[in-house]
Undergrad: 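The structure under discussion is supplied below as structure tokens; questions concerning it will follow.
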There are 2 protein chains.
Amino acid sequence: MSTRAPRTRAPGRRATIADVAVAAGVSKATVSRFFNHRERLLTPDIAARVEKAIAALGYSPSPMAQALSRGRTRLIGLIVADITNPYSVAVLRGAEKACQDAGYLVMLFNLGNESGREREALNALAGYQVDGFILNTLGRGAGVVDAVALHGKPAVLVDRRHAGMHADFVSLDNAGAMAQVCEHLLDGGFRELLYITEPQKGVSTRRERAGAFSDCLAAHAPQVKGEVFESEEGDTAGLNAALRALQQRAKRGRRQAAVIAGNAVVTLRVAGAMTQLGWRFGHELGFVGFDDPEWAPLIGPGLTTLSQPTDEIGRAAAGCLIERLQGLEGAARQLLLPGELVVRGSSQRAQA
Amino acid sequence: MSTRAPRTRAPGRRATIADVAVAAGVSKATVSRFFNHRERLLTPDIAARVEKAIAALGYSPSPMAQALSRGRTRLIGLIVADITNPYSVAVLRGAEKACQDAGYLVMLFNLGNESGREREALNALAGYQVDGFILNTLGRGAGVVDAVALHGKPAVLVDRRHAGMHADFVSLDNAGAMAQVCEHLLDGGFRELLYITEPQKGVSTRRERAGAFSDCLAAHAPQVKGEVFESEEGDTAGLNAALRALQQRAKRGRRQAAVIAGNAVVTLRVAGAMTQLGWRFGHELGFVGFDDPEWAPLIGPGLTTLSQPTDEIGRAAAGCLIERLQGLEGAARQLLLPGELVVRGSSQRAQA
DNA sequence: TTGTAGGCGTTATCAG
DNA sequence: CTGATAACGCCTACAA
């Protein structure tokens, strides 16, 4: 007998490997092998007995105990800056799916936009011995770098890269996307552009888009003019003013004006401002927004958007991480996925 | 010495209780007590030594090992029917927050609308010994009842109740909400109503809303007429036809027509149909929709909505569950939270 | 091929 | 108050 006093299993309790062992009249090791080392076959007779016992007791190994023993949990920690953000959710969805398919479960930690809690999140998740991290966060705080390094677990960054960090990175090809957007607006005859973004601070994606915007302007100067405006949450007055100023410049230069919104949140703000100003998309102002929310077709004449392959991004992120977990070595990789321009009414110049 | 060969800790490895013990020159039990039984104080001297060792090694107990030992994980399993659904996400957000605050972590499982996977999800989560479940799913399949019962863990249902299941239930007060909506439309002079819902099947929330709608009609018959229409995904033709029929009936009876959308998904469909028909909210048709998405103010004259306290619902759900985990006994509770009517242009009758 | 005997990191029981 | 020691459920040398 392997256990001292094989006290009868309480009815509610999950069957353990020991229960199976006694039921099959074998040792725990044999049962364990039945699961983990199928290759070196057990005697057919024994295998059959074990299998029967397993079925009878409805046994399945406890991942917790396995984790403790092997040091791997098949758990992936997913940290999200703000689960309210549809972009994050879309990515999350793709990632969770990929994890499930690969036999991993996701432990979620939502920062609720309190970026100071990154460390706390990392520690909490690391405590549960997650095998790796998917991070869709990383404000300016460098704090995360060493924290991740500390626990020595692989991580993959989504959408927001971080300079010093040795980790795979998955994101939209921001430069390419912005180029597409600008190209489209220029083709449409727009010559006075305004790029509206949330405060750039240290957020890589925002900076990259703004940078690409400037590059684009530079490439087409001086026929095309443009500016960047940082829109703060709640500052509707500032946004309205910026739009009016844009309009003025356009009129003065006798050129068509268009706005590019840096993400869906900004799009929402701009749409609000348009209503307040009594302006219509495609008339007073051309418009293209990053992200393609489901309601984009319903605003005014339909909003032209740059749709991100969010699902793909999530899947790719999970994929990268899992490859690392399977032992892939090598330098940090970088996956830049292309966006797709979805043309609707807001970027069609109204006839004068 | 407690361990046979206190082999020096590999640099990368997390400090264990044993490491702390040797560093402080005490037994593992003492270190454990330092964390768990603060009440019965240790000798100040010893406590100080332990504390110092803990700090020096940056030790924190492994939740995994604790779980194995105590049988509780401080993990909560959250199963969501479809994480794409903003309602689910909003609830998720509230729940996750509440869990965090109470020191629980959330393990997420997204069904991706494949309701057949409920069982799989439950098992996966139960495998990790989650202490309890929050379920925002439960199609018709009764399968879940016994599965949950099987693992003997407490659960709380969100938004979708299930007859046979002994579990706390948290949701919007559907009947009250629908009454508010109807009242508002009647006050506005609308007399020909159409309630559009996703297929009711066994989904309790959908049935309750439809039921309340009918009750409301009955209470105001015969001055007010109304019907229920089940809108299938993708069946835009059917939806358009239903709207045209509504309009016909209204004209024939010389009454104002209004539509009530059962949730945000339906609202989106209706808005799409309106565009196709070339109708405007508040003119050809009055409108109120359940759920208050951020884009509601931006569609036409602004959509009047019945806003659910999603955050509150999520928090309440987590709260209920945690109370159970703390030992609360008693019959299954039912928490029906009130909705809030947000009046915008779509429900103001246009002047004739 | 199978069984025995640790060990993974904690907690809990029971002596001292 | 503190320290051995035995679980918790599983895996894995090592021995048979």
Side-chain angles (χ1 to χ4, degrees), chain A residues 1-7 9-10 13-50 54 57-74 126-129, chain B residues 1-7 9-10 13-50 54 57-74 126-129:
Chain A
M1 274 194 303
S2 56
T3 44
R4 175 117 4 146
R7 103 250 84 154
R9 183 164 76 87
R13 220 169 54 76
R14 278 174 58 112
T16 76
I17 199 172
D19 299 323
V20 176
V22 311
V26 299
S27 75
K28 294 192 293 179
T30 301
V31 179
S32 176
R33 277 190 282 260
F34 180 85
F35 277 96
N36 306 313
H37 302 289
R38 293 303 272 267
E39 63 283 16
R40 265 217 292 287
L41 254 51
L42 316 173
T43 309
D45 168 41
I46 296 234
R49 265 157 53 200
V50 172
I54 289 174
L57 276 61
Y59 167 78
S60 72
S62 154
M64 282 286 188
Q66 292 188 118
L68 196 60
S69 178
R70 340 194 219 227
R72 298 177 300 117
T73 52
R74 299 199 78 79
Y128 281 96
Q129 305 274 91
Chain B
M1 271 193 305
S2 57
T3 42
R4 174 111 9 141
R7 108 244 86 154
R9 183 165 76 85
R13 218 170 54 76
R14 277 173 60 110
T16 77
I17 199 171
D19 299 323
V20 176
V22 310
V26 299
S27 76
K28 294 191 295 178
T30 301
V31 179
S32 177
R33 275 190 284 258
F34 180 83
F35 277 95
N36 306 312
H37 302 288
R38 290 307 270 268
E39 64 283 14
R40 263 216 292 288
L41 255 52
L42 315 173
T43 307
D45 168 41
I46 296 234
R49 264 155 56 199
V50 171
I54 289 175
L57 276 60
Y59 166 77
S60 72
S62 153
M64 282 286 188
Q66 289 182 321
L68 195 60
S69 181
R70 333 194 225 226
R72 297 177 299 118
T73 53
R74 300 199 76 80
Y128 281 96
Q129 306 274 90

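Quantities reported herein were computed from a predicted structural model and do not represent experimental measurements. Naming convention: chains lettered A, B, ... in sequence-line order (proteins, then strands); numbering from 1 in each chain. Scope of the values below: all heavy atoms of this structure, side chains included, with no hydrogens, waters or symmetry mates.
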Undergrad: Tell me the interatomic distance from B/Ile17, atom CD1, to D/dT5, atom P, rounded to whole angstroms.
TA: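 Atom CD1 in B/Ile17 sits about 17 Å away from atom P in D/dT5.
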Undergrad: Residues of residues 66-74 of chain B with any non-hydrogen atom less than 4.0 angstrom from an atom of DNA chain D: list those, numerically ordered, please.
TA: B/Leu68, B/Ser69
Undergrad: If you look at every heavy atom in A/Leu57 and A/Val20, which pair is closest and at what distance?
TA: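 Nearest heavy atoms, A/Leu57 then A/Val20: CD2-N, 3.9 Å.
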Undergrad: Touch check for B/Phe34, heavy atoms < 4.0 angstrom, all strands: base, sugar-phosphate only, or nothing?
TA: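 Since no nucleic acid heavy atom lies under 4.0 Å of B/Phe34, the category is nothing.
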Undergrad: Which is more 5' along DNA chain C, the nucleotide nearest B/Arg33 or the one nearest B/Pro61? Just name the residue.
TA: B/Pro61
Undergrad: Is the distance between the ring centroids of B/Phe34 and B/Tyr59 less than 6.0 Å?
TA: no
Undergrad: Over how many whole Å does the gap from A/Arg49 atom CZ to C/dT1 atom C1' extend?
TA: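 After rounding, the reported distance stands at 13 Å.
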Undergrad: When we call it a touch if two heavy atoms are under 4.0 Å apart, what does A/Leu42 touch: a base, just sugar-phosphate, or nothing?
TA: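 It contacts sugar-phosphate atoms only.
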Undergrad: I need the A/Ser32 OG to A/Gln66 CD distance, nearest 0.5 Å.
TA: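 So the gap between those two atoms works out to 8.0 Å.
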Undergrad: Do the side-chain N or O atoms of A/Ser27 get closer than 4.0 angstrom to the phosphate oxygens (OP1, OP2) of C/dT2?
TA: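 Checking C/dT2 against A/Ser27, no side-chain N or O comes under 4.0 Å of OP1 or OP2.
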Undergrad: Mind calculating the distance between CD1 (B/Ile54) and P (C/dT10) to the nearest angstrom?
TA: 11 Å
Undergrad: What nucleic acid atoms does A/Ser32 come within less than 4.0 Å of, heavy atoms only: base, sugar-phosphate, or nothing?
TA: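 Base: the residue A/Ser32, judged by heavy atoms under 4.0 Å, touches a nucleobase.
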Undergrad: Could you tell me how far apart B/Lys28 (NZ) and D/dG3 (C1') are, to the nearest whole angstrom?
TA: 11 Å
Undergrad: A/Ala21 and A/Ser27: which non-hydrogen atoms are nearest, and at how many Å?
TA: CB-C, 3.8 Å
Undergrad: Whole angstrom is fine here: how far is it from CZ in B/Arg14 over to P in C/dT10?
TA: 7 Å
Undergrad: If you check the B/Ala29 side chain, which of D/dC10, C/dA12, D/dT2 turns out closest?
TA: C/dA12
Undergrad: Between the side chain of A/Arg74 and the main-chain N/O of A/Pro63, is any donor-acceptor distance below 3.5 Å?
TA: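 Checking the backbone N and O of A/Pro63 against the side chain of A/Arg74, no donor-acceptor pair under 3.5 Å is found.
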Undergrad: How is B/Phe35 classified with respect to the nucleic acid when contacts are heavy atoms under 4.0 Å: base, sugar-phosphate, or nothing?
TA: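 Since no nucleic acid heavy atom lies under 4.0 Å of B/Phe35, the category is nothing.
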Undergrad: Does the B/Thr16 side chain pair with the main chain of B/Ala18, one donor and one acceptor, at a distance under 3.5 Å?
TA: yes
Undergrad: Okay, side chain of B/Arg14, backbone of B/Ser60: is any donor-acceptor separation there less than 3.5 Å?
TA: yes
Undergrad: Bend angle of the helix from C/dT1-D/dA16 to C/dG16-D/dC1 from five-pair axes at both ends, rounded to 10°?
TA: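 Terminal axis comparison yields 50°.
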Undergrad: Using whole Å, what does the distance between atom P of nucleotide D/dT2 and atom CD1 of B/Ile46 come to?
TA: 4 Å
Undergrad: Kindly give the heavy-atom pair with the smallest separation between B/Ile17 and B/Lys28, and that separation in Å.
TA: CD1-O, 3.6 Å
Undergrad: Would you find a donor on one side and an acceptor on the other, under 3.5 Å apart, between the side chain of A/Arg33 and the backbone of A/Leu42?
TA: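 The answer is no, because no donor-acceptor pair under 3.5 Å joins these two groups.
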Undergrad: With respect to the phosphate group of D/dC10, does any side-chain polar atom (N or O) of A/Tyr59 fall under 4.0 Å of OP1 or OP2?
TA: yes
Undergrad: Indicate whether OP1 or OP2 belonging to D/dC10 is found under 4.0 Å from a side-chain N or O atom of A/Ser62.
TA: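 False: A/Ser62 side-chain N/O out of range (4.0 Å or more) of D/dC10 OP1/OP2.
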Undergrad: Could you state the CD-C1' distance from A/Gln129 to C/dG9, rounded to the nearest angstrom?
TA: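 A/Gln129 atom CD is separated from C/dG9 atom C1' by 9 Å.
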Undergrad: Round to the nearest Å and state the distance from A/Tyr128 atom OH to C/dG9 atom P.
TA: 17 Å
Undergrad: Phosphate oxygens OP1/OP2 of D/dC11: is one of them under 4.0 Å from a side-chain N or O of A/His37?
TA: no
Undergrad: Is a side-chain N or O of A/Tyr128 found less than 3.5 angstrom from the main chain of A/Thr73, in a donor-acceptor match?
TA: no
